[in-house]
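Before any comments, here is the structure.
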Amino acid sequence: MASRDVILTTLHGVRFEYAENFLLSLRRTGYQGEIVVFASRMKGEDIASLRRSGVTIVPFRFRRILVRRRLSRLWIIWRWFFRSGASPAAKETLAHAVFHLYYRRHLLYLQFLRKHRQDFDRVFLTDCRDVYFQADPFSWNLPRGLHVFLEEGFNKIGREIYHIRWIKSQFGQAVLDEIGGGTVSCAGTVMGDISSIMEYLSEMVSLTMQARSLHETDGDQGIHNYLIYKNRLSNVTVHDNRQGPVMTCGMTRPEDIRLNAQGFVINDAGKLMPVLHQYDRLPDLSKCLLDHLRQDVHSLSQ
């Protein structure tokens, strides 16, 4: 039976090399599902390299400078329209014009999945450059629902400078005070069945339209954590770091990284971690993983 899994990611203004380790490590796992890349401002040769790697391309256009200017100066106008009685289609059309890419990617994914809902059962939304696959991301066979992944337990929303800025801007100080004790969940890796992912994306888009401000152009993670800690979703499993299929390495101490005899990252129970996010923030780990990848690719080419 053909796989009905899909991985969605976004690339803007980068070369193929930006995604190469992501794709090589994923294919090495034996993953049989679809990989869909939403691509903006990429050269034809890089798009061709992606296609040769088995990727489905969904092109879109994004103008970074214009969008930032619109968000910072005219958000009060856009927010009024989003809160009006205009049709959902009209609101989404405006969102494509005024959302920064960090927010807009959720709308791109949502509209794609509306068209292809019957094609997929499970979805993984992920960043690209700093993601490395050690196994098929769906190999843990998680139960239905949405699955989100925490960073290290000491990294609290109310103590982290970026989240403080994002959430205060988007929702105000009272909301920051309410959810500030929660551990940061990373918006760069989200997994679930098709219905749960679409609910999540719909809520992300809706909340973005309702935000007090989108002056913080990179703040989709503030909205993501609001959704989780304000219980806006119907069926969510929140995984502690190293306790689910995704490990977020950015705040992990090097001495807390455990490797098996083959040099791959495992959790405290000795189980292989399928997805490593932000692995490149740990130079020794990054070198080890990329050495593995080069060796495997070299062996396959012989």
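Computation of the quantities below employed the complete heavy-atom set of this structure, encompassing side-chain atoms and omitting hydrogens, waters and symmetry-equivalent molecules. Counting from 1, the numbers follow the sequence of the chain as shown.
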- Hey, mind stepping through V184 and L150 against side chain to side chain contact (heavy atoms under 4.5 Å, CB included) and telling me if it holds? CA-CA 6 Å; V184 169; L150 300 182; over 6 Å; no
- Task: Using the rule that two of Ile, Leu, Val, Met, Phe, Trp, Tyr join whenever any of their side-chain heavy atoms come within less than 4.5 Å, decide whether F60 and I35 are in one cluster.
- Result: no
- Might you point out which heavy atoms bring S196 and G145 nearest each other, and give the distance in Å? OG-CA, 3.2 Å
- Item | Whether over 12 other heavy atoms sit under 6.0 Å from F81 CZ | yes
- Query: What about F112 and Y103, same hydrophobic cluster or not, with Ile/Leu/Val/Met/Phe/Trp/Tyr joined at side-chain heavy-atom distances under 4.5 Å?
  - Reply: yes
- Query: So among I7, T56, V58, V55, which one has a side-chain contact (heavy atoms from CB on, under 4.5 Å) with V37?
  - Reply: V55
- Message: Is there a path of hydrophobic side-chain contacts, each under 4.5 Å between heavy atoms, that joins V246 and L285?
- Response: no
- Message: Please check: side-chain N/O of Q32 versus main-chain N/O of G30, any donor-acceptor pairing under 3.5 Å?
- Response: yes
- Query: Would I223 and L8 show up in the same hydrophobic cluster when neighbours are defined by side-chain heavy atoms closer than 4.5 Å?
  - Reply: yes
- Between R122 and D193, is there a side-chain N and carboxylate O pair less than 4.0 Å apart? no
- Message: If the threshold is 4.0 Å, N to carboxylate O, is there a salt bridge linking E34 and R4?
- Response: no
- Evaluate salt bridge (charged side-chain N to carboxylate O under 4.0 Å, His left out) for R165 paired with E160, printing each intermediate quantity in order. CA-CA 9 Å; R165 191 176 74 223; E160 205 280 318; over 6 Å; no
- Task: Decide yes or no on side chain to side chain donor-acceptor pair (under 3.5 Å) for T252 and E152, but give the supporting numbers first.
- Result: CA-CA 6 Å; T252 305; E152 294 294 328; 2.7 Å; yes
- Among F124, F133, Y279, find the residue that satisfies the ring pair (Phe, Tyr, Trp, His ring centres under 6.0 Å) test when tested with F22. F133
- Item | Closest non-hydrogen atom pair between P137 and P245, with its separation | O-CB, 4.1 Å
- Message: What verdict does the ring-ring contact (aromatic ring centres under 6.0 Å, His included) test give for F62 and F38, after you've listed the backbone C-alpha separation in whole Å, the side-chain angles of each residue and the deciding distance to 0.1 Å?
- Response: CA-CA 11 Å; F62 174 71; F38 295 76; over 10 Å; no
- Do you know which two heavy atoms are closest between S40 and H12, and how far apart they sit? OG-ND1, 3.0 Å
- Query: Which residues satisfy the side-chain hydrogen bond (donor to acceptor under 3.5 Å, both in side chains) test with R105, sequence neighbours excluded?
  - Reply: D127, D220
- Does a salt bridge link K230 with E178, judged by any charged N lying under 4.0 Å from a carboxylate O? yes
- Query: For L11, does its backbone N or O pair with a side-chain atom of Y18 as donor and acceptor, under 3.5 Å?
  - Reply: no
- Message: Classify the ring geometry of F171 against Y226: parallel below 30°, tilted from 30° to 60°, perpendicular beyond 60°.
- Response: parallel
- Stepwise side chain to side chain donor-acceptor pair (under 3.5 Å) test for S213 and Q170: CA-CA 5 Å; S213 167; Q170 294 159 350; over 6 Å; no
- Taking the six-membered ring of W140 (Phe, Tyr or Trp), confirm whether the NZ or CZ of K271 is under 6.0 Å from its centre and within 45° of its axis. yes
- Message: Determine whether L50 and L23 satisfy the following criterion, side chain to side chain contact (heavy atoms under 4.5 Å, CB included), listing intermediate values before the conclusion.
- Response: CA-CA 9 Å; L50 288 169; L23 294 169; 3.8 Å; yes
- Item | Distance-minimising heavy-atom pair for I197 and M191 | CD1-C, 3.8 Å
- Indicate yes or no: at least one non-hydrogen side-chain atom of M273 is less than 4.5 angstrom from one of I266. no
- Query: Yes or no on side chain to side chain donor-acceptor pair (under 3.5 Å) for Q295 and D291, after CA distance, side-chain angles and deciding distance?
  - Reply: CA-CA 6 Å; Q295 291 167 9; D291 284 348; 5.7 Å; no
- Message: Within the supplied structure, the quantity of interest is the number of heavy atoms (other residues, nucleotides, ligands) at a distance under 6.0 Å from D284 CG; does it exceed 12?
- Response: no
- Message: Donor-acceptor pair, distance only, cut-off 3.5 Å: does the side chain of S139 make one with the backbone of A135?
- Response: no
- Exercise: do Q210 and S206 side chains pair donor with acceptor under 3.5 Å: yes
- Query: Given N225 and W166, is the side chain to side chain donor-acceptor pair (under 3.5 Å) satisfied, shown in steps?
  - Reply: CA-CA 10 Å; N225 278 277; W166 292 331; over 6 Å; no
- So F264 and H292, would you call those rings parallel, tilted or perpendicular, with 30° and 60° as cut-offs? parallel
- Under the salt bridge (charged side-chain N to carboxylate O under 4.0 Å, His left out) criterion, do D46 and K43 qualify, and how do the steps go? CA-CA 5 Å; D46 298 304; K43 295 182 178 180; 6.0 Å; no
- Query: Side chains of Y109 and T10: do they bring a donor and an acceptor to under 3.5 Å?
  - Reply: yes
- Query: Are the side chain of N260 and the backbone N or O of G263 linked by a donor-acceptor pair below 3.5 Å?
  - Reply: yes
- Over all heavy atoms of both residues, which pair between M209 and R79 is shortest? Give the atoms and the distance, please. O-CG, 3.8 Å
- Which class fits the ring pair Y31 and F138: parallel under 30°, tilted 30 to 60°, perpendicular over 60°? parallel
- Query: Is the side chain of Q221 donor-acceptor paired with the backbone N or O of C186 at a distance under 3.5 Å, no angle test?
  - Reply: no
- Message: Nearest 0.5 Å, please: how far is NE2 in H100 from CD in E216?
- Response: 11.5 Å
- Message: Testing the 3.5 Å rule here: is there a donor-acceptor pair between the side chains of Q111 and H96?
- Response: yes
- Message: Between Y229 (side chain only) and T183 (backbone N and O only), is there a donor and an acceptor less than 3.5 Å apart?
- Response: yes
- Message: Quick check: is L26 connected to V6 through a chain of hydrophobic side chains (ILVMFWY, heavy atoms under 4.5 Å apart)?
- Response: no
- Would you check if the side chain of S286 reaches a backbone N or O of L282 as a donor-acceptor pair within less than 3.5 Å? no
- Message: In terms of relative ring orientation, are H106 and Y200 parallel, tilted or perpendicular, with 30° and 60° separating the classes?
- Response: perpendicular
- Any donor-acceptor N/O pair, Q278 side chain to T248 backbone, under 3.5 Å: no
- Task: Can you see which heavy atom on R159 is nearest to which on I164, and at what distance?
- Result: C-CD1, 4.2 Å
- Establish, from distance only, whether the side-chain atoms of R52 and S49 form a donor-acceptor pair under 3.5 Å. yes
- Item | Exceeds 12 heavy-atom contacts within 6.0 angstrom, atom NZ of K91 | yes
- Query: Does T189 reach the main-chain N or O of T126 with its side chain, forming a donor-acceptor pair under 3.5 Å?
  - Reply: no
- Message: Could you check whether R114 pairs with E92 (Lys NZ or Arg NE/NH1/NH2 to Asp/Glu carboxylate O, under 4.0 Å)?
- Response: yes
- Task: Return yes when atom CZ of R144 has more than 12 non-hydrogen atoms of other residues, nucleotides or ligands closer than 6.0 Å, and no otherwise.
- Result: no
- Item | Derivation and outcome, side chain to side chain contact (heavy atoms under 4.5 Å, CB included), residues R258 and N267 | CA-CA 7 Å; R258 297 187 59 197; N267 64 13; over 6 Å; no
- Determine, stepwise, if the pair I194 / R117 fulfils side chain to side chain contact (heavy atoms under 4.5 Å, CB included). CA-CA 7 Å; I194 185 77; R117 182 178 189 133; 4.1 Å; yes
- Task: Report yes or no: do S185 and E151 form a side-chain donor-acceptor pair below 3.5 Å?
- Result: no
